[in-house]
Amino acid sequence: MSDFDRNAAARWGQSVDRAGSAEIDQGLRSFMLGVYNYMTIGLGVTGLAALGVNMMAVTQNAAGKMALTPFGQMLYTSPLKWVVIFAPLAFILFFSFRVDRMSASSARAMFFAFAAVMGVSLSSALVIFTGASVVRAF
């Protein structure tokens with residue numbers, strides 16, 4: 001078992017027959033390109049949700065200091081904050097139990113909903129840190 005090699009025919013210094021692998025590689029490339037596109041869109045949904053919630057939750061007061069709006073107070077200082085914190089975990093648990101019985105379209109919709117909930121959860125980071133430090137960390 002320690003000498004397990006999926007490509008046993010090709011050892012060090014020997015050539016590998018690549019005939020017929022172009023179709024497989026093109027299909028894999030197409031599939032992975034779709035995966036990367038969905039992940040990029042999910043990242044965008046997360047960022048837009050975080051920015052949108054932050055814009056609704058935070059305002060500048062007369063002295064130029066950051067202050068929470070009533071929506072922000074409800075979201076970050078009430079017991080609702082625990083729902084916001086643990087909602088992504090609930091999505092992950094639900095998704096892990098249902099993924100084998102979901103269609104592709106419902107799994108895709110669930111992924112985008114998870115990305116939005118993750119953005120709402122991460123919006124609290126924009127309250128604590130400056131926008132410049134978040135962009136620099138990203």
Side-chain angles (χ1 to χ4, degrees):
M1 190 70 173
S2 64
D3 193 31
F4 179 73
D5 187 6
R6 290 188 185 273
N7 199 5
R11 297 286 182 205
W12 181 260
Q14 296 177 349
S15 66
V16 177
D17 181 27
R18 295 283 183 181
S21 65
E23 299 85 28
I24 296 171
D25 291 342
Q26 184 61 31
L28 179 63
R29 182 182 183 282
S30 174
F31 175 77
M32 291 307 295
L33 186 61
V35 169
Y36 292 143
N37 286 339
Y38 282 127
M39 293 304 290
T40 302
I41 293 169
L43 184 62
V45 167
T46 301
L48 289 175
L51 183 63
V53 169
N54 185 346
M55 290 175 72
M56 290 189 301
V58 177
T59 187
Q60 298 279 337
N61 62 12
K65 301 277 185 177
M66 189 170 62
L68 291 176
T69 63
F71 176 72
Q73 291 173 354
M74 176 190 69
L75 200 62
Y76 300 131
T77 61
S78 72
L80 184 61
K81 70 180 173 185
W82 297 109
V83 174
V84 171
I85 290 170
F86 290 116
L89 180 62
F91 261 87
I92 290 170
L93 290 175
F94 177 77
F95 196 62
S96 66
F97 290 126
R98 296 279 306 178
V99 71
D100 57 339
R101 291 172 275 177
M102 296 177 86
S103 66
S105 61
S106 62
R108 188 176 309 115
M110 184 81 165
F111 169 70
F112 291 134
F114 168 75
V117 168
M118 194 69 193
V120 171
S121 182
L122 289 175
S123 68
S124 62
L126 295 173
V127 173
I128 298 169
F129 301 105
T130 64
S133 64
V134 171
V135 168
R136 191 174 335 137
F138 181 72

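Numbers here simply count residues along the sequence, with the first being 1.
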At what distance, to the nearest 0.5 angstrom, does CZ of Arg29 lie from OH of Tyr36?
-> 11.0 Å
Taking a hydrophobic cluster as the set of Ile, Leu, Val, Met, Phe, Trp and Tyr residues connected by side-chain heavy atoms closer than 4.5 Å, whether directly or through intermediates, do Val35 and Ile41 fall within one such cluster?
-> yes
Heavy atoms of other groups near Arg136 CZ, more than 12 under 6.0 Å | no
Rounded to the nearest 0.5 Å, what's the gap from NZ on Lys81 to OG on Ser121? Could you check?
-> 13.0 Å
Examine Leu122 and Met66 and state if one hydrophobic cluster contains both, with Ile, Leu, Val, Met, Phe, Trp and Tyr joined whenever side-chain heavy atoms are less than 4.5 Å apart.
-> no
Sequence neighbours left out, what passes side-chain contact (heavy atoms from CB on, under 4.5 Å) with Arg108? Give chain and number order.
-> Tyr38, Ala104, Ser105, Phe112
Would you be so kind as to tabulate the donor-acceptor pairs closer than 3.5 Å made by side chains of residues 44-51, with sequence neighbours excluded?
{"from": "Thr46", "atom 1": "OG1", "to": "Gly42", "atom 2": "O", "distance (Å)": "2.9"}
{"from": "Thr46", "atom 1": "OG1", "to": "Ala115", "atom 2": "O", "distance (Å)": "3.0"}

By side-chain contact (heavy atoms from CB on, under 4.5 Å), which residues pair with Leu75, not counting sequence neighbours?
-> Val53, Phe71, Leu80, Val84
Identify the two heavy atoms, one from Gly72 and one from Ala57, that lie closest to each other, and give their separation to 0.1 Å.
-> CA-CB, 3.5 Å
Out of curiosity, does Phe114 fall in the hydrophobic cluster containing Val117 (side-chain heavy atoms, cut-off under 4.5 Å, transitive links)?
-> yes
Under 4.5 Å between side-chain heavy atoms, hopping through other hydrophobics if needed: is there a path connecting Trp82 to Ile128?
-> no
Exam field: side chain Thr69 to backbone Met56, donor-acceptor pair closer than 3.5 Å | yes
Apply side-chain hydrogen bond (donor to acceptor under 3.5 Å, both in side chains) to Ser78 and list each qualifying residue two or more places apart in sequence or on a separate chain.
-> none
Heavy-atom pair of closest approach, residues Ala113 and Phe91 | CB-CE2, 3.8 Å
Donor-acceptor under 3.5 Å (Ser30 side chain, Gly27 main chain) = no
Partner set under side-chain contact (heavy atoms from CB on, under 4.5 Å) for Val99, not counting sequence neighbours | Phe95
Closest approach of Pro88 and Met118, non-hydrogen atoms and distance?
-> CB-SD, 3.6 Å
Hey, what do you get for NZ (Lys65) to CD (Gln60), rounding to the nearest 0.5 Å?
-> 10.0 Å
Of all residues at least two apart in sequence or in a different chain, which pass the side-chain hydrogen bond (donor to acceptor under 3.5 Å, both in side chains) check with Ser133?
-> Thr130
Output for pair (Phe129 CZ, Ser124 OG), nearest 0.5 Å, gives 9.0 Å
Cluster link Met32 to Met39, ILVMFWY, side chain under 4.5 Å = yes
By side-chain contact (heavy atoms from CB on, under 4.5 Å) - contacts of Leu89 (at least two apart) | Phe86, Leu93
More than 12 non-hydrogen atoms from neighbouring residues, nucleotides or ligands closer than 6.0 Å to CE on Met74, yes or no?
-> yes
